[in-house]
Amino acid sequence: MTTSALLIITYIILLVLVLVIAALAAKVRRLEKKLIEVTPSDLYPFIEELRELVIESERIATKLENSIRERESVLEDLTVLADSKLADYGRAAEKAKPEKTLKEKIRELAEDGMPDSEIARKLGISTTEVKIVRSMGA
């Protein structure tokens, strides 16, 4: 999952929690209106309902909190992974030097004064190949 997808999911979960809290607030307001017209014995079912709503909201808040922690952990892991990959890419780019051609290698070794037989042995080719390349203007 991408970082933006995780953030969208987190915002959706937060929106759901806000909607649940708004619904609970509306329910509390309705209960307040009923309290004016009821006797104490009528209140017990409402108190139990409120208690259940509080327990449910605490359960939802805990789930949301756990979900956010998981998302944060995933984001941190992704950040570490991305940093690692960028560092690997940087090291690979530094190491990726263009390979010299056989002609360039022979020319450099010849300029250093190395004899053809030694150049051939070092490069794993025949002395004839070295002489041909050198005669072509290496």
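Residues Ile55 and Arg59 fail the side-chain proximity criterion, which asks for heavy atoms closer than 4.5 Å. For the pair Ile125 and Val133, the minimum side-chain heavy-atom distance is 4.5 Å or more. Looking only at side-chain heavy atoms (C-beta outward), Ile106 and Thr101 stay at 4.5 Å or farther from each other. Two residues are said to be in side-chain contact when any heavy atoms from C-beta on lie closer than 4.5 Å; Lys131 and Arg134 fail this criterion.
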What's the verdict on side-chain contact (heavy atoms from CB on, under 4.5 Å) for Lys105 and Glu108, showing C-alpha distance, side-chain angles and the deciding distance?
CA-CA 5 Å; Lys105 291 177 185 177; Glu108 285 180 4; 5.8 Å; no

Full working for salt bridge (charged side-chain N to carboxylate O under 4.0 Å, His left out) between Glu111 and Arg107:
CA-CA 6 Å; Glu111 287 174 357; Arg107 188 189 74 231; 3.5 Å; yes

Given Glu52 and Glu56, is the side-chain contact (heavy atoms from CB on, under 4.5 Å) satisfied, shown in steps?
CA-CA 6 Å; Glu52 289 173 11; Glu56 180 67 15; over 6 Å; no

One pair to check against side-chain contact (heavy atoms from CB on, under 4.5 Å): Leu78 and Leu6. What are the steps and the verdict?
CA-CA 11 Å; Leu78 286 173; Leu6 290 173; 4.2 Å; yes

Could you please spell out the steps behind the side-chain contact (heavy atoms from CB on, under 4.5 Å) verdict for Glu49 and Lys27?
CA-CA 10 Å; Glu49 187 176 345; Lys27 203 163 204 172; 2.9 Å; yes

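The distance from the CG atom of Leu123 to the CD atom of Glu118 is 10.0 Å, given to the nearest 0.5 Å. Rounded to the nearest 0.5 Å, atoms CD1 (Ile60) and CG (Leu53) are 9.5 Å apart. Annotation: the span from Ile132 atom CD1 to Asp116 atom CG amounts to 11.5 Å, rounded to 0.5 Å. To the nearest 0.5 Å, atom CD1 of residue Ile8 and atom OG of residue Ser4 are 5.5 Å apart. Atom CD1 of Ile9 is separated from atom CD1 of Ile68 by 12.5 Å, given to the nearest 0.5 angstrom. Here the CG atom belonging to Leu17 is positioned 12.5 Å from the NZ atom belonging to Lys63, to the nearest 0.5 angstrom.
In terms of heavy-atom proximity, Lys100 sits nearest to Glu104 at CA-OE1, 3.3 Å. The heavy-atom pair separating Arg71 from Ile13 by the smallest distance is NH2-CD1, 4.5 Å. Minimum heavy-atom separation, Ile119 to Ala110: CD1-N, 3.7 Å. Taking each heavy atom of Ser57 and Leu24 in turn, the nearest pair found is CB-CD1, 3.5 Å.
A chain of hydrophobic side-chain contacts below 4.5 Å, direct or via other Ile, Leu, Val, Met, Phe, Trp or Tyr residues, connects Leu109 to Leu102. Leu64 and Tyr11 fall within the same hydrophobic cluster, defined by Ile, Leu, Val, Met, Phe, Trp and Tyr side-chain heavy atoms under 4.5 Å apart, directly or through other members.
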